Amino acid sequence: MSKPRKGVIASLAGFPAPGSEPIKGWEDFLREGKQFLATANNAYAQRKEAFTTAILYNLVAMAIEKLIMALLMKSGKLPYNHTMHDLVAAIDEFLPGELAELGEELKGLDGFQEICDLEGYSISPPTMEQIGGMLTLALEVQARVMNSVIDR
């Protein structure tokens, strides 16, 4: 009878060991993230009335979420949750340095919508100027993610 080994994760028959291979669908997340960002960028540039700052914020946040998820999934990892805090924490844990100095700025995006707690639910729409900064941030995230997924 063999002795159990501590610290070894047993893989299930027919499945790769956790975190060892890309998670299926990462390319879809990458494509969708780029699409959300393109939509937000175009709507912001054209100042279409239907695209309020609240809607633009959500498009930018979805773009960033999808892009970061694509990078994590390509690396075989998943975050605990999908808030910006959790996405940044997962990148810092699994892929240290990938987002470098962007982490605090990304986590700041969570402050505009706190919707996880029904008791403390709050939404504070950003200004159009803040949207411009968010788009700049999202474009930097996209550039880093694109470079990283090509390298992996």
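All values reported here derive from a predicted model rather than from experimental measurement.
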Give the minimum heavy-atom separation between A40 and V60, together with the two atoms involved. CB-CG2, 3.9 Å
Point-to-point distance, once rounded to the nearest 0.5 Å, from CG of L56 to CG of N41: 10.0 Å
Would you say I91 and V88 make side-chain contact, with heavy atoms under 4.5 Å? no
Passes side chain to side chain contact (heavy atoms under 4.5 Å, CB included), L78 versus M69? Steps please. CA-CA 7 Å; L78 289 174; M69 283 299 299; 3.8 Å; yes
Lys NZ or Arg CZ of R31 over F29 ring: under 6.0 Å, within 45°: no
Identify the two heavy atoms, one from L67 and one from V145, that lie closest to each other, and give their separation to 0.1 Å. O-CG1, 3.5 Å
For side chain to side chain contact (heavy atoms under 4.5 Å, CB included), just list the numbers for L95 and S148, CA-CA rounded to whole Å, side-chain angles, deciding distance to a tenth of an Å, and then say yes or no. CA-CA 10 Å; L95 305 166; S148 293; over 6 Å; no
Output the distance between atom OG (S75) and atom CD (E98), rounded to the nearest 0.5 Å. 7.0 Å
Main-chain N/O of V149 paired with K74 side-chain donor or acceptor, under 3.5 Å: yes
Can you see which heavy atom on G33 is nearest to which on A63, and at what distance? O-CB, 3.5 Å
Could you tell me whether a side-chain N or O of Y44 sits under 3.5 Å from a main-chain N or O of F51, the two making a donor and an acceptor? no
Joint cluster assignment, L139 & M62, ILVMFWY side-chain distance < 4.5 Å: yes
Is it true that, when you exclude K34 itself, more than 12 heavy atoms of the residues, nucleotides or ligands shown sit nearer than 6.0 Å to its NZ? no
Side chain to side chain contact (heavy atoms under 4.5 Å, CB included) between M146 and L30: does it pass, once the steps are laid out? CA-CA 9 Å; M146 294 304 295; L30 185 63; 3.6 Å; yes
L99 side, atom CG; L71 side, atom CG - distance, nearest 0.5 Å: 7.5 Å
Step through the shown structure and confirm whether more than 12 heavy atoms of other residues, nucleotides or ligands are within 6.0 Å of CD on E129. no
Non-neighbouring partners of E93 that pass salt bridge (Lys or Arg N to Asp or Glu O under 4.0 Å), sequence neighbours left out: none
Heavy atoms of other groups near E49 CD, more than 12 under 6.0 Å: no
Could you pull out the closest heavy-atom pair between T53 and P126, with the gap in Å? OG1-O, 2.8 Å
Does D110 use its side chain to pair, donor to acceptor, with the backbone of M84 at less than 3.5 Å? yes
Where is the tightest heavy-atom contact between K24 and M73, given as atom of each residue plus distance? O-CE, 3.5 Å
Correct closest heavy-atom pair for L109 and M134 would be CD2-CG, 3.5 Å
Examine L72 and Y80 and state if one hydrophobic cluster contains both, with Ile, Leu, Val, Met, Phe, Trp and Tyr joined whenever side-chain heavy atoms are less than 4.5 Å apart. no
Measuring from Q130:CD to L137:CG, what's the distance to the nearest 0.5 Å? 12.5 Å
K77 side, atom NZ; I23 side, atom CD1 - distance, nearest 0.5 Å: 8.5 Å
Roughly how far apart are Q142 CD and K66 NZ, rounded to 0.5 Å? 14.5 Å
Given side chain to side chain contact (heavy atoms under 4.5 Å, CB included), test L135 with L37 step by step and report yes or no. CA-CA 8 Å; L135 284 166; L37 185 51; 3.8 Å; yes
